[in-house]
Engineer: 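Once you've had a glance at the structure underneath, I'll fire off some questions.
Note that the coordinates shown come from a computational prediction; the quantities given were computed from them, not determined experimentally.
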Amino acid sequence: MAAKSLEHVVVVGAGLAGARSCEQLRRQGYEGRITLLGAEPHAPYDRPPLSKDMLSTDRTDSSLPVDYTALQVDLRLGVQATALRPADRVVVTAHGEIPYDGLVIATGSRPRQLPGDGGQMTLRTLGDALRLRKQLRRGARVLIVGAGWIGAEVATAALSAGCEVTCVSSGSAPFADMFGPEVAQRLAPWWDGVDLRFGCSAESMTNEGVRLSDGSDLTADVVVAAIGDRPETGWLEGSGLELDDGVVVDEWLRAAPGIVAVGDVAAWWSRRWARRLRVRHWDHAASAPAVAVAALLKPGLCGVAPYDPIPYFWSDQFGHKMQYLGAHGPGDDVIVEDGEPGWWKASWVDARGRLTATLVVDRPRELVKARQHIGQPLLSATKL
């Protein structure tokens, strides 16, 4: 479909990726109608503050500074997409059908939960953060299932609030499955004050807490499931779009003629890494819309470079700043190095000797140097 025939573009998903898509449509010269659908009652907001400072401050809002009126965007909140019919170019919602000429899928992901009827909390939405903050009271017994990014940041806030914190994980140490034992060994001391229960998994919720894989029960006042997420693609079942841990898109984030996907929900082919990636981080949600919108407006891809960024993520936990750049594979070797007192880094190298990823702790400017060496032989990387 030629760009001139795109009289109405519908963006499904009112998060960062959806908001940036609306901005990019206008920035790239699109003058037609834009409708932005959001399942939540809130205007698009930033998610990193939910776990990084909203749990431990009185902050109640992280709305994105976007003027939807000036952009002439029809913002419809509390409207959830339930199905898609590409042949008819229609998005189905509980409030009726919405026809489109171009479609941006930006529905993100949803947290995984433990089976069982007992109460559990997750941390994905603004409402989740505000509800969890109320539960983090001095003396409260907080049980966190999962010792990854969200688990660490929730543990940080809970300790700061004076809670009794327990963390359960099937791994051998915090981040061991993600980064390997060498890096996990460096991170473990940060969790001082947390009752760590590793080598066992949480099987299900109970009325008083969690049942573990060894048959024992842990009781808690608050249970937080931080066990990953899954792409929000249920509404696309039966649409004909290819789904495989997200919406399968090409190097320009195209899922089908007139349809692109951005943010957490997109699984795109990366030339740089020679594999399909689905990145669930802020940087990706902010940058991908520029390419996706260009591809939507220019079906012939005249002058549109493929989307192939270096994934980036950061986390503030236990008084430290972690920054990760790249995408290491399970077979890559890792080298851990100490810098000047107070910071260190880990570098991953593939079988060809190329730097695939770097984790920098408490040295933000070091990442600028690392970015220049991703994909280069380790020999140059060690001179950072």
Engineer: Salt bridge or not between Glu97 and Arg85? Use side-chain N to carboxylate O under 4.0 Å.
Structural biologist: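 Result for this pair is yes, salt bridge flagged.
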Engineer: Salt-bridged, Asp61 to Arg59, with N to O below 4.0 Å?
Structural biologist: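 So Asp61 does not pair with Arg59 through a salt bridge.
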Engineer: Quiz question: by atom type and distance under 3.5 Å, do the side chains of Asp217 and Thr206 form a donor-acceptor pair?
Structural biologist: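 No, Thr206 and Asp217 have no side-chain donor paired with an acceptor closer than 3.5 Å.
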Engineer: How long is the straight-line distance from CG of Leu253 back to OH of Tyr307, given to the nearest 0.5 Å?
Structural biologist: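 Output value for this atom pair is 7.0 Å.
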Engineer: Output yes when Arg133 and Asp128 qualify as a salt bridge under the 4.0 Å nitrogen-oxygen rule, no when they do not.
Structural biologist: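 Judged by the 4.0 Å cut-off on N to carboxylate O distance, Arg133 and Asp128 do not form a salt bridge.
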Engineer: Between Leu55 and Leu123, which heavy-atom pair has the shortest distance, and what is it?
Structural biologist: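 Shortest heavy-atom separation between Leu55 and Leu123 comes out as CD1-CD2, 3.9 Å.
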Engineer: Tell me whether Arg254 is salt-bridged to Glu242, with the criterion being a basic N under 4.0 Å from an acidic carboxylate O.
Structural biologist: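 Here Arg254 does not pair with Glu242 in a salt bridge, since their nearest N and O are not under 4.0 Å apart.
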Engineer: Under 4.0 Å between a side-chain nitrogen and a carboxylate oxygen: does that hold for Arg211 and Glu203?
Structural biologist: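 Result for this pair is no, no salt bridge flagged.
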Engineer: For Tyr312, which residues count as a ring-ring contact (aromatic ring centres under 6.0 Å, His included) partner, sequence neighbours excluded?
Structural biologist: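 If we apply the ring-ring contact (aromatic ring centres under 6.0 Å, His included) test to Tyr312, skipping adjacent residues, there are no hits.
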Engineer: For Trp190, give me all partners under ring-ring contact (aromatic ring centres under 6.0 Å, His included), at least two apart in sequence or on another chain.
Structural biologist: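 Here the qualifying residues are His320.
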Engineer: Kindly state each residue pair satisfying side-chain hydrogen bond (donor to acceptor under 3.5 Å, both in side chains) with at least one member in residues 71-81, sequence neighbours excluded.
Structural biologist: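 Pairs touching residues 71-81 that pass the test: Asp74-Arg76.
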Engineer: Distance only, no hydrogens: is a donor on one side chain within 3.5 Å (strictly under) of an acceptor on the other, for Trp282 and Asp46?
Structural biologist: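 A pair is found: one side chain offers a donor N or O, the other an acceptor, under 3.5 Å apart.
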Engineer: For Glu153, is there an ion pair with Lys52 - N to carboxylate O distance below 4.0 angstrom?
Structural biologist: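 Counted as a salt bridge, because a side-chain N and a carboxylate O are separated by less than 4.0 Å.
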Engineer: Name all pairs fulfilling the side-chain hydrogen bond (donor to acceptor under 3.5 Å, both in side chains) condition that reach into residues 258-274, sequence neighbours left out, sorted by first residue then second.
Structural biologist: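 Passing the test, one end in residues 258-274: Ser109-Asp264, Arg124-Asp264, Glu251-Arg271, Ser270-Asp308.
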Engineer: Quick one about Tyr45 and Glu40 (side-chain donor to acceptor, distance below 3.5 Å, no hydrogens or angles considered), yes or no?
Structural biologist: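 A pair is found: one side chain offers a donor N or O, the other an acceptor, under 3.5 Å apart.
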Engineer: Residues in ring-ring contact (aromatic ring centres under 6.0 Å, His included) with Tyr68, at least two apart?
Structural biologist: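 Tyr68: no ring-ring contact (aromatic ring centres under 6.0 Å, His included) contacts found.
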Engineer: Would Lys321 pass as a cation-pi partner of Trp343, given that its NZ or CZ must be under 6.0 Å from the six-membered ring centre and within 45 degrees of the axis?
Structural biologist: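 The answer is no, since Lys321 fails at least one limit relative to Trp343.
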Engineer: Give a yes or no on whether the ring-centroid distance for Phe318 and Trp191 is below 6.0 angstrom.
Structural biologist: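 Yes, close enough.
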Engineer: Can you tell me if Arg275 has over 12 outside heavy atoms packed within less than 6.0 Å of its CZ?
Structural biologist: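 Check passes, neighbour count above 12.
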Engineer: Would you say the side-chain atoms of His8 and Thr35 include a donor-acceptor pair closer than 3.5 Å?
Structural biologist: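 Short answer, yes.
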Engineer: Hey, what do you get for CG (Asp214) to SG (Cys200), rounding to the nearest 0.5 Å?
Structural biologist: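 The CG atom of Asp214 sits 5.5 Å away from the SG atom of Cys200.
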Engineer: Roughly how far, to the nearest 0.5 Å, is the OG1 atom of Thr82 from the CD atom of Glu237?
Structural biologist: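 One finds 13.0 Å between CD of Glu237 and OG1 of Thr82.
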Engineer: Taking the basic N atoms (NZ, or NE/NH1/NH2) and the acidic carboxylate oxygens, is any pair closer than 4.0 Å for Asp229 and Arg112?
Structural biologist: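 Looking at Asp229 and Arg112, the cut-off is not met.
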Engineer: How far apart are the C-alpha atoms of Arg186 and Asp338, what are their side-chain angles, what is the distance that settles it, and do they pass the salt bridge (Lys or Arg N to Asp or Glu O under 4.0 Å) test?
Structural biologist: CA-CA 11 Å; Arg186 292 290 190 104; Asp338 287 305; 2.9 Å; yes
Engineer: Please output the side-chain donor-acceptor pairs of residues 159-183 that fall under 3.5 Å, not counting sequence neighbours, one pair per line with the distance.
Structural biologist:
| unit_1 | atom_1 | unit_2 | atom_2 | d |
| --- | --- | --- | --- | --- |
| Ser169 | OG | Gly171 | N | 3.2 |

